[in-house]
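When reading the values below, keep in mind they use all heavy atoms of this one structure, side chains included, and skip hydrogens, waters and symmetry mates. Numbers restart at 1 for each chain; the letters A, B, ... are given by sequence-line order, proteins then strands.
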There are 2 protein chains.
Amino acid sequence: MTRYSKQTRILVAVDCIIFGFDGHDIKLLLVKRGLEPESGKWSLMGGFVQPRENLRQAANRILQKLTGLQGVYMEQLRTFSDPDRDPVERTISIAYFALIDIHKYEKQLSEDYHAEWVLLKDRPRLIFDHNEMVELAQKQLRYKAALHPILFELLPSKFTIPQLQSLYEAIYDNTFDNRNFSRKVLSTGLLIKQKEKDKLNSKKGAFYYRLDKRKYKANFQSFLNFIPNPDKFLI
Amino acid sequence: MTRYSKQTRILVAVDCIIFGFDGHDIKLLLVKRGLEPESGKWSLMGGFVQPRENLRQAANRILQKLTGLQGVYMEQLRTFSDPDRDPVERTISIAYFALIDIHKYEKQLSEDYHAEWVLLKDRPRLIFDHNEMVELAQKQLRYKAALHPILFELLPSKFTIPQLQSLYEAIYDNTFDNRNFSRKVLSTGLLIKQKEKDKLNSKKGAFYYRLDKRKYKANFQSFLNFIPNPDKFLI
DNA sequence: GCAAAAGTGTTATCACTACACCCATGG
DNA sequence: CCATGGGTGTAGTGATAACACTTTTGC
């Protein structure tokens with residue numbers, strides 16, 4: 001029984017802005033588009049929403065198809081709807097942004113999609129309005145990371161404080177005072193010190209930490225103020 | 001030339017969560033649904049996206065149809081996509097929330113839609129997933145208002161500090177210390193004191209203020225921290 | 001023994017909170 | 001003259017920011 005019969009139905013897609021961190025730089029996972037138009041150009045990984053799935057399911061399906069990963073941090077960003085955004089046919093697209101530990105599958109990058117990690121800073125031009133999507137996602141990431149402990153999603157389960165700081169510095173394209181940074185981070189009580197050290201990045205070695213998952217979930221909504229003068233970075 | 005031909009097209013709607021403030025309480029503008037199913041039940045104002053309009057245009061069109069107002073503060077909230085959210089036919093809906101000065105059109109409420117302002121606190125049960133939309137909008141409003149000077153959108157162009165405080169108290173269902181509140185608000189430099197007083201709410205009268213529009217726009221993205229202990233309110 | 005990164009402490013400043021009284025006016 | 005809401009000031013506390021030196025160890 002189909003009512004609403006006078007209305008126009010529209011194609012609905014999901015596009016994923018996938019961020020990773022390699023220890024120095026923020027990266028973006030892109031694919032080479034396999035269908036016309038714009039075949040061969042760089043694009044976000046995306047796909048059409050299927051009849052019986054909701055958007056989160058669609059986004060997870062797309063991410064898994066590309067990376068093989070499940071349980072990835074993902075949030076809905078915004079819906080893009082310019083009638084001409086896709087020249088073939090009107091398509092609205094819901095952008096999701098995802099944070100993944102780049103090491104979890106650096107190797108298993110699906111050949112099928114010609115996927116590649118590129119530096120966020122000097123990424124190539126993308127098709128359609130995907131550039132705008134990436135810019136918005138970056139803004140949102142900075143915004144959210146200033147207030148919530150979201151960036152742990154980009155690190156492996158064991159990480160050092162200097163690594164964490166590098167990540168924040170990459171996100172905000174800035175340097176922070178290491179004494180203040182580690183004091184602030186440790187004062188949240190979210191981190192559990194391990195006995196081993198990471199000796200790859202220095203001779204002295206830096207202690208590993210792990211997230212206290214319980215506290216992480218409990219405090220996720222709290223305002224934590226990880227970075228000094230957040231105003232400066234969120235314009 | 002239509003490619004993508006194998007894909008399913010889906011109905012796309014916009015629903016507006018419209019907030020107002022009457023001096024004491026936060027209100028929500030609802031309509032009585034005029035079509036089956038659920039005809040006669042309370043609902044958010046919404047409508048289908050038309051072929052040549054984007055979502056913002058659709059939301060503005062819907063809001064204007066209902067209230068006659070243009071240039072209203074509005075932001076995209078989230079897209080709701082459960083395949084069964086509308087029992088008639090699959091429809092995804094993009095929720096927008098809007099803030100309006102309730103006095104601007106209290107009277108011109110369109111009879112056509114049986115629109116009514118209801119208290120947000122004891123609103124009736126709404127159709128479909130509109131209850132969820134309202135809850136998310138309220139959360140988002142609290143979140144955003146804790147950091148950004150967004151609530152001025154709910155007030156007339158001239159307002160008093162006690163009025164502003166009542167608004168914040170209504171939003172957070174709490175009371176705040178009036179000395180700290182006015183100091184904090186005035187310290188932003190966003191308000192321009194007027195010479196007249198509002199004598200309706202007290203014998204002494206309270207000075208009117210206006211927003212400094214220039215600074216308002218410039219500072220909109222700043223973290224202003226209008227309320228004490230924001231953590232408390234945002235869980 | 002030296003280069004390179006890790007780790008740690010103190011002080012000054014600022015922002016926030018809690019708190020109580022006087023003011024102006026209409027009735 | 002009194003009841004009502006408007007308006008203001010201070011002191012204590014806690015958070016933040018600025019700043020430099022010592023430690024460890026691989027080479």
Side-chain angles (χ1 to χ4, degrees), chain A residues 23-24 146-147 149 155 158-170 172 174-209 219 222-234, chain B residues 23-24 146-147 149 155 158-170 172 174-209 219 222-234:
Chain A
H24 288 284
L147 300 168
L155 292 173
K158 289 191 310 185
F159 53 87
T160 68
I161 305 282
Q163 276 168 21
L164 184 63
Q165 182 168 350
S166 299
L167 171 54
Y168 274 87
E169 293 179 339
Y172 294 101
N174 237 286
T175 57
F176 302 119
D177 182 278
N178 62 339
R179 294 158 288 189
N180 293 336
F181 184 83
S182 71
R183 184 155 7 95
K184 196 175 269 196
V185 164
L186 291 174
S187 76
T188 63
L190 292 177
L191 300 191
I192 303 168
K193 194 172 189 170
Q194 306 300 115
K195 286 178 182 160
E196 324 101 82
K197 283 183 164 188
D198 162 55
K199 311 273 277 185
L200 295 172
N201 297 304
S202 73
K203 291 159 185 168
K204 181 175 179 183
F207 280 105
Y208 279 119
Y209 288 80
N219 287 12
S222 311
F223 284 167
L224 291 176
N225 254 56
F226 273 118
I227 59 164
N229 303 317
D231 272 11
K232 249 173 62 182
F233 305 107
L234 300 168
Chain B
H24 288 284
L147 299 169
L155 291 172
K158 290 191 310 185
F159 54 85
T160 67
I161 305 281
Q163 276 167 21
L164 184 64
Q165 183 169 349
S166 299
L167 171 55
Y168 274 86
E169 293 180 339
Y172 294 101
N174 239 284
T175 57
F176 301 120
D177 182 278
N178 63 339
R179 294 159 288 192
N180 293 336
F181 184 83
S182 71
R183 183 153 12 94
K184 196 175 268 195
V185 163
L186 291 173
S187 77
T188 63
L190 291 177
L191 299 191
I192 304 167
K193 194 174 190 168
Q194 306 299 116
K195 286 177 182 162
E196 325 102 83
K197 283 183 164 189
D198 162 54
K199 311 272 279 187
L200 295 172
N201 297 305
S202 73
K203 293 160 185 170
K204 182 176 178 181
F207 281 104
Y208 279 119
Y209 287 80
N219 286 11
S222 313
F223 284 167
L224 292 175
N225 254 55
F226 273 118
I227 59 163
N229 302 317
D231 273 11
K232 251 173 63 182
F233 305 107
L234 300 169

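- In this entry the distance linking CG of A:Asn201 with C1' of C:dG7 reads 15 Å, nearest Å.
- Nearest approach of B:Ala170 to B:His24, heavy atoms of both residues: CB-O, 3.8 Å.
- Residue B:Phe181 contributes atom CZ, which lies 13 Å from atom P of C:dC16 at whole-angstrom precision.
- Rounded to an integer number of Å, the gap from A:Glu169 CD to C:dA5 C1' is 13 Å.
- Put simply, CZ on A:Phe176 is 19 Å from P on C:dG7, counting in whole angstrom units.
- Following rounding to the nearest Å, A:Phe207 (CZ) and C:dA5 (P) show an atom-to-atom distance of 19 Å.
- Applying the side-chain hydrogen bond (donor to acceptor under 3.5 Å, both in side chains) test to A:Gln165 and every residue at least two apart in sequence or in another chain returns A:Glu169.
- Rounded to whole Å, atom P of D:dG9 lies 12 Å from atom CG of B:Leu186.
- With sequence neighbours left out, the side chain to side chain contact (heavy atoms under 4.5 Å, CB included) criterion links A:Tyr209 to A:Phe159, A:Ile161, A:Leu186, A:Leu191, A:Lys193, A:Phe207.
- Residues satisfying the side-chain hydrogen bond (donor to acceptor under 3.5 Å, both in side chains) test with A:Asn201, not counting sequence neighbours, are A:Asp198.
- A:Asp177 is linked by a side-chain hydrogen bond (donor to acceptor under 3.5 Å, both in side chains) to A:Arg179, counting only residues two or more places apart in sequence or in another chain.
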Counting primed atoms plus P, OP1 and OP2 as sugar-phosphate and everything else as base, spell out the protein contacts along nucleotides 19-27 of chain D at 4.0 Å heavy-atom distance: B, S or - for each nucleotide, 5' to 3'.
BB--BBBB-
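- Rounding to whole angstrom units, CG of residue B:Asp198 and C1' of C:dT25 are separated by 13 Å.
- In this structure, A:Phe159 places its CZ atom 16 Å from C1' of C:dA6, rounding to the nearest Å.
- Here B:Lys158 pairs with B:Glu196 under the salt bridge (charged side-chain N to carboxylate O under 4.0 Å, His left out) rule; sequence neighbours left out.
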